[in-house]
2 protein chains.
Amino acid sequence: MKKRVSIKDIAEKVGVSTALVSYVLNGKEREARVGEEIAGKVRKVAAEMNYQPNLIARGLKFGRTNTIGLIVADISNPFFATLARSIELEAQKNGYTVLFGSSDEQLDKSQNLINTFLNRQVDGLIITPVAGSQSQIEELKKKGVKFVLMDRGFKDVETNVVVTDNHEAMYSAVKLLTEKGYRKIGMIAYDTPLTHMQDRIQGYKDALRNAGTRFKSEWLKKVPYLDYKEHVADAIAQMLKKGDELDALVFATNSISVQALKVIHARGIKVPDDLRIISFDESDTFEFFYATITYIKQNLNEISEKAVQLLIKNINATAPKTAKVIVPSSIVLGQSSK
Amino acid sequence: MKKRVSIKDIAEKVGVSTALVSYVLNGKEREARVGEEIAGKVRKVAAEMNYQPNLIARGLKFGRTNTIGLIVADISNPFFATLARSIELEAQKNGYTVLFGSSDEQLDKSQNLINTFLNRQVDGLIITPVAGSQSQIEELKKKGVKFVLMDRGFKDVETNVVVTDNHEAMYSAVKLLTEKGYRKIGMIAYDTPLTHMQDRIQGYKDALRNAGTRFKSEWLKKVPYLDYKEHVADAIAQMLKKGDELDALVFATNSISVQALKVIHARGIKVPDDLRIISFDESDTFEFFYATITYIKQNLNEISEKAVQLLIKNINATAPKTAKVIVPSSIVLGQSSK
DNA sequence: TTGAAAGCGCTAACAC
DNA sequence: GTGTTAGCGCTTTCAA
């Protein structure tokens, strides 16, 4: 790569000091009282030489890189990719650039990414935290690193966090079913202590209780993130045993929904006649399912925008106070919950 | 954010110069012949103080940041998100971190991202170029910037590029159909001069010719990237006019395929009985279509890995010679091409 | 065997 | 009005 022109090159060419050039190029000619002609000449030469500032040098000087690090579970997952997209947009709007990485829900990868990003002097982090990463997050707090958790958080750690109204959303979804008279409602969720999942589960339970139905433990199946596909199949098999069929099933994520629908389809169960369905989050996959699917629609754009805004606010704040932002979701009605 | 410990802090604590610390921490104690005890002490203190190197400072010093910039059309598109994922992995394996941005197939956004990334001193770029961005790319070449085009390239600009065997892939797909006796085969593609599309179109035409069928211009519909959905619907309407039905349709991308299948489904056309279908790239959406879809499967992992490897090779090379890497694809057979 | 110092490109306090 | 200079954190040459 050819050498880039620096402020020094311009200074030499014009025959002034680098300071002058810096002032002019940063629009500080007024405060520094730089002469008209000189200023003009500097600008002209800078343009001629096609000067581009070295942001790394500036970053070193200021201790600020205008870069944020984004750590999601898996960027190839459309859910996170969509979040990433809006984060990119909002960051750019505010003059930030985004470094990204995928944690794969694994503690060591998460820690690695955090370290890498911090060593690269990012100004802050947006993280979808991995289960069990409390200590990593606590460490960030201790170091005074600016960060925002997104999509999920921890019950026992107070941090900046931007999440969907998980409890409320699942509560409403289940209420939708109870109001139609369905009582035997099952749920399949991921087996994780992270708040997004716990809140959804609690929303489900609370809705049942409020409808006067006693929750039965066999109605709730928790599947591990790894190998969830098999486990979903097993869960459905157990939940739909002959003689004790459930009226409806709610799924805690779209990946679970897709897998569940496949199994349901394969077993010849008719939706919604034999079984009612509601999904958390949509999926393109629903497109060609024979019945349209009722789902909880998170406002991903708002989540990402709020996360970026909150992060930037924190970066610029001297006395950072933690904030919890809850973004409302909505329910999109389909035939599956009829 | 609290002040990070620097090499200087360690030096002061141990009572040596920063140079010594640098040597030890970079494993150059042998060449620098640093004393055993001192070295040990430095390491111990560094660990105690939890020293982490400032990669920005190092970058300024070396003119190398170990960062690559990734510019895709749209990170929220699963196709590009999947590429991004493997790029992230391969980059990390080689000690690189990835900055990303989406061009939205727009020239100005593409240029903006290029500038931003270069100002941040990335060591190289991986780009899915936008139609008409030849001058941007030529400019990169002139500046001596290290970069690799991915997924698509330009006919008239020689660059490093990693692409699928687009011509071959589409040729084989259409051949599959002609060998079954189908002759009236239509294609819907994006209206862009970029090589990936042109090669696919040429593969289609060549396969027809080789089967002894004269290509009719009304068999090929080119839709714009923006509003492609309506245009796909129109194209299908025109191509499937009563009395002159086509035997089969091939689609140049998965997004076109999905939209086309929706229209086909809505119009009550039976696949494969009334119409045979082959898609370029898969989509989760196919999952619940009543017939399994035959599609060309690109090797996305290999494309991304090769792109990263080629880029890094170029970054380290003094005399860079451009390379064109063609990654073989395969065809996954479904019912839709029966 | 160790340290002083220059320099990567930029900014800004200070001096002229 | 304009220039000098120190310094951000790190590496490395050169001198001691």
Side-chain angles (χ1 to χ4, degrees), chain A residues 1-43 45-46 49-67 118-123, chain B residues 1-43 45-46 49-67 118-123:
Chain A
M1 207 157 342
K2 275 170 203 155
K3 226 187 88 245
R4 298 165 58 100
V5 305
S6 75
I7 226 172
K8 196 170 156 193
D9 300 323
I10 300 176
E12 277 170 10
K13 191 130 177 185
V14 181
V16 295
S17 73
T18 58
L20 262 285
V21 178
S22 175
Y23 287 135
V24 174
L25 264 24
N26 288 302
K28 301 206 172 162
E29 31 185 317
R30 314 251 20 184
E31 339 174 2
R33 289 184 280 195
V34 179
E36 280 280 308
E37 329 87 287
I38 295 259
K41 202 162 172 189
V42 165
R43 259 191 294 272
V45 171
M49 301 181 81
N50 194 21
Y51 169 75
Q52 296 288 125
N54 181 330
L55 265 26
I56 289 291
R58 208 179 253 166
L60 180 59
K61 175 74 185 171
F62 287 135
R64 233 175 164 282
T65 53
N66 275 273
T67 304
L118 289 185
N119 291 350
R120 281 166 199 272
Q121 312 293 117
V122 296
D123 296 339
Chain B
M1 204 157 345
K2 277 172 203 155
K3 226 187 89 242
R4 296 164 58 100
V5 307
S6 73
I7 225 170
K8 196 170 155 192
D9 301 322
I10 300 176
E12 277 170 9
K13 191 129 180 187
V14 180
V16 294
S17 74
T18 59
L20 263 286
V21 178
S22 175
Y23 287 136
V24 174
L25 264 26
N26 288 302
K28 300 203 175 164
E29 28 185 321
R30 313 256 11 191
E31 339 175 2
R33 286 185 279 196
V34 180
E36 280 281 306
E37 328 87 290
I38 296 259
K41 201 163 174 190
V42 165
R43 257 191 295 271
V45 172
M49 302 180 79
N50 195 19
Y51 169 76
Q52 295 288 123
N54 181 328
L55 266 24
I56 290 291
R58 209 179 253 168
L60 180 59
K61 175 73 185 173
F62 287 134
R64 232 174 166 283
T65 54
N66 275 273
T67 304
L118 289 185
N119 291 350
R120 280 165 199 273
Q121 312 294 117
V122 297
D123 295 339

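Order of the sequence lines fixes the chain letters, A, B, ..., with proteins taken first and strands second; residue numbering starts at 1 for each chain.
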| query | So what does G63(B) hit on the nucleic acid, given a heavy-atom distance under 4.0 Å: a base, only sugar-phosphate, or nothing? | reply | nothing
| task | Report which part of the nucleic acid R33(B) touches: base, sugar-phosphate, or nothing (heavy-atom distance under 4.0 Å, all strands). | result | base
| Can you list every side chain to side chain donor-acceptor pair (under 3.5 Å) pair that touches residues 18-30 of chain A, not counting sequence neighbours? | S22(A)-N26(A), N26(A)-R58(A), E29(A)-R43(A)
| OG1 on T65(B) to CG on D123(B), rounded to 0.5 Å | 4.0 Å
| said: Using heavy-atom distances to pick each residue's nearest nucleotide on DNA chain D, tell me which of A57(A) and E37(A) is more 5'. | reply: E37(A)
| Gap between atoms CG and P, on N54(A) and dC8(C) respectively (whole Å) | 12 Å
| field | Result of checking V42(B), V21(B), L20(B) against V34(B) for side-chain contact (heavy atoms from CB on, under 4.5 Å) | value | L20(B)
| query | Of the nucleotides dC8(C), dC10(C), dT2(C), which has the atom closest to the L60(B) side chain? | reply | dC8(C)
| field | Rounded distance [0.5 Å steps], CG in L25(B) versus CD1 in I7(B) | value | 6.0 Å
| request: Round to a whole Å and report the spacing from CD of Q121(B) to C1' of dC10(C). | output: 12 Å
| Heavy atoms under 4.0 Å, any strand shown: does S6(A) hit a base, just sugar-phosphate, or nothing? | sugar-phosphate
| query | Whole-Å distance between dC8(C) P and R4(A) CZ? | reply | 15 Å
| request: Report which part of the nucleic acid I56(B) touches: base, sugar-phosphate, or nothing (heavy-atom distance under 4.0 Å, all strands). | output: nothing
| task | Calculate the interatomic distance between I7(A) atom CD1 and dA12(C) atom P; express it in whole Å. | result | 11 Å
| request: Assess the side chains of R4(A) and N50(A): does a donor N or O sit below 3.5 Å from an acceptor N or O? | output: no
| field | Heavy-atom contact window of chain A on DNA chain D, given 5' to 3' at under 4.0 Å | value | dG1(D) to dG9(D)
| remark: Y51(A) OH to dT11(C) C1', in whole Å, measures 11 Å
| request: Please state how far atom CD in E12(B) lies from atom C1' in dT2(C), giving the value in whole angstrom units. | output: 17 Å
| Over how many whole Å does the gap from Q52(A) atom CD to dC10(C) atom C1' extend? | 15 Å
| Mapping R58(A) and T18(B) onto DNA chain C by nearest heavy atom, which one lands closer to the 5' end? | T18(B)
| request: Please step through side chain to side chain contact (heavy atoms under 4.5 Å, CB included) for the pair T67(B) and R120(B), ending with a clear verdict. | output: CA-CA 9 Å; T67(B) 304; R120(B) 280 165 199 273; over 6 Å; no
| said: What is the separation between atom CG on L20(A) and atom C1' on dC16(C), rounded to the nearest whole Å? | reply: 13 Å
| task | Under 4.0 Å between any heavy atoms, over every strand shown, what does F62(B) touch: base, sugar-phosphate, or nothing? Just pick one. | result | sugar-phosphate
| said: Return the CG to CD1 distance between L60(B) and I56(A), rounded to the nearest 0.5 Å. | reply: 8.0 Å
